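Notes follow once the structure below has been shown.
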Protein chains: 2
Amino acid sequence: MATPSRKTDVFQAIADPTRRQLLSMLGEREMPVTVISGHFPMSRTAVSKHLRILADAGLVKERKIGRETRYRLEPEPLLELKRWLAYYERYWDNKLLALQRFVEGDETDGTIALVAPEEESTRTID
Amino acid sequence: MATPSRKTDVFQAIADPTRRQLLSMLGEREMPVTVISGHFPMSRTAVSKHLRILADAGLVKERKIGRETRYRLEPEPLLELKRWLAYYERYWDNKLLALQRFVEGDETDGTIALVAPEEESTRTID
DNA sequence: ATTATATGAAACCAAAAGGTTTCATGTCAA
DNA sequence: TTGACATGAAACCTTTTGGTTTCATATAAT
């Protein structure tokens, strides 16, 4: 499905530098928790909790082998990030931006016509 | 410069849904705080603090006009995100991934050869 | 000159985040 | 079957985060 409605937000999941390191590490090879945590200056339990958050966001998958649990990268949820970012690419290569700024002029009106596709658009203008 | 060494991490800045909404809103037009906060179910001061965080990350720029301060999107720092994400694109369209997984086999060795370009690579394997 | 508007700073607070240590459980090895 | 290893869950603690209300200051308008 396109919107898998994950337990943890991808943006939130990648906000932590430790978790980003975990992702890059697990992209290379599947690894068990003890080995992974050997690369971090914190307890195994702490790393384990980070892994859980990543798993909740769908960014890693676990596989039990005997008494160990191996984790590996699952890049698919990063597509959401990619889509989000794609919206802003128009600000780099699109000439429309300059035009828009010009048209805007100087008025202080707060009305919004275009809004970027934001996942949680709970409250709008009332 | 390539590494502007900002006060706030971009990943951290965009982790909050409110701040993401702010970015999309400010991409359309420059706006003063009062107008912006009218679109959110929180106090003006709270919105102001979010704007400060975005500004610290370089994602918005402020411009004082008389007694009001207008904010607008500054998309440049998103390039860091784009670069980060680019690393993981190999997991989508690269056949090497399947090959790599195959070569890995089943060993439990924790040694890492390749590491993704992570900004804070403070501690390594000691 | 006085009042209203726009904003940021400060002090404060509750909840979430990121750690720790300890404990329980399941699996492997002798 | 006994002991060592791998791991997650639980309880706990401190710092950060996201919000509030109140106050101070600068500019605009009357």
Side-chain angles (χ1 to χ4, degrees), chain A residues 7-23 26 29-57 59-72 106-110 118 120 122-123, chain B residues 7-23 25-26 29-57 59-72 106-110 120 122-123:
Chain A
K7 212 166 129 203
T8 297
D9 183 27
V10 165
F11 292 89
Q12 168 61 25
I14 64 164
D16 186 276
T18 298
R19 288 196 290 268
R20 290 199 295 281
Q21 273 190 251
L22 281 170
L23 290 184
L26 296 174
R29 47 164 46 76
E30 178 184 72
M31 282 189 285
V33 181
T34 306
V35 171
I36 299 170
S37 71
H39 300 317
F40 292 88
M42 65 188 73
S43 72
R44 176 189 53 76
T45 319
V47 171
S48 196
K49 289 210 287 188
H50 280 302
L51 286 169
R52 171 111 343 270
I53 289 168
L54 289 174
D56 286 346
L59 284 164
V60 300
K61 280 278 259 300
E62 3 179 326
R63 179 170 70 122
K64 297 210 64 176
I65 298 185
R67 63 181 156 183
E68 69 182 23
T69 307
R70 300 202 189 160
Y71 288 84
R72 71 166 188 286
D106 219 35
E107 77 278 356
T108 323
D109 175 24
E118 253 305 299
E120 50 248 287
T122 317
R123 70 306 266 183
Chain B
K7 210 165 129 202
T8 298
D9 184 27
V10 168
F11 291 88
Q12 168 62 24
I14 65 164
D16 185 274
T18 299
R19 288 197 288 269
R20 290 199 296 281
Q21 274 190 250
L22 280 170
L23 290 183
M25 198 171 285
L26 295 173
R29 47 161 50 71
E30 178 185 72
M31 281 189 285
V33 181
T34 306
V35 171
I36 299 169
S37 71
H39 300 319
F40 292 88
M42 65 188 73
S43 73
R44 175 189 53 76
T45 318
V47 171
S48 196
K49 289 211 285 187
H50 279 302
L51 286 169
R52 171 112 341 271
I53 289 168
L54 290 173
D56 287 346
L59 285 164
V60 300
K61 280 279 257 305
E62 5 179 325
R63 179 169 68 121
K64 296 212 64 176
I65 298 186
R67 63 181 157 180
E68 69 182 25
T69 306
R70 300 201 190 161
Y71 289 84
R72 71 166 188 285
D106 219 32
E107 76 279 357
T108 324
D109 175 24
E120 51 248 285
T122 317
R123 72 303 269 183

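Throughout, a chain's letter reflects where its sequence line sits, starting with A, and its residues are numbered from 1. The structure displayed is predicted, hence computed values, not measured ones.
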| message | Among residues at least two apart in sequence or on other chains, which ones pass side-chain contact (heavy atoms from CB on, under 4.5 Å) with B:Lys49? | response | none
| said: Checking B:Ser43 now: which residues fulfil side-chain contact (heavy atoms from CB on, under 4.5 Å) with it, not counting sequence neighbours? | reply: B:Thr45, B:Ala46
| said: Whole angstroms only, please: what is the CZ-C1' distance between A:Arg70 and D:dA6? | reply: 12 Å
| query | Taking the nucleotide of DNA chain C with the closest heavy atom to each, which residue, A:Arg19 or B:Ser48, is nearer the 5' end? | reply | B:Ser48
| message | Quick check for you: among D:dT17, D:dA9, C:dG18, whose closest atom lies nearest to any side-chain atom of B:Gln12? | response | D:dT17
| query | Rounded to the nearest Å, what distance is computed from the CG atom of residue B:Leu51 to the P atom of nucleotide C:dG8? | reply | 8 Å
| remark: side-chain hydrogen bond (donor to acceptor under 3.5 Å, both in side chains) filter on B:Arg44, not counting sequence neighbours, yields none
| field | Atom pair distance, as rounded to whole Å: CG in A:Asp9 and P in D:dG18 | value | 12 Å
| said: Quick one: does any side-chain atom of B:Arg72 pair with a main-chain N or O of B:Val60 as donor and acceptor, under 3.5 Å? | reply: no
| request: List in chain and number order the residues that pass salt bridge (Lys or Arg N to Asp or Glu O under 4.0 Å) with A:Arg67, two or more places apart in sequence or in another chain; answer none if no residue qualifies. | output: none
| field | Distance, rounded to the nearest Å, where B:Ile36 contributes CD1 and C:dG8 contributes P | value | 9 Å
| task | Measure the distance from CG on A:Leu54 to C1' on C:dG18 and round it to the nearest whole Å. | result | 14 Å
| query | Rounded to the Å, how far apart are B:Arg52 CZ and C:dG8 C1'? | reply | 8 Å
| Can you give one letter per nucleotide of nucleotides 19-30 of chain C, going 5' to 3': B for a protein heavy atom under 4.0 Å from the base, S for sugar-phosphate only, - for none? | BBB-----BB--
| message | So, taking the atom named CD1 in A:Ile14 and the one named CZ in A:Arg19, what distance separates them when rounded to the nearest 0.5 Å? | response | 10.0 Å
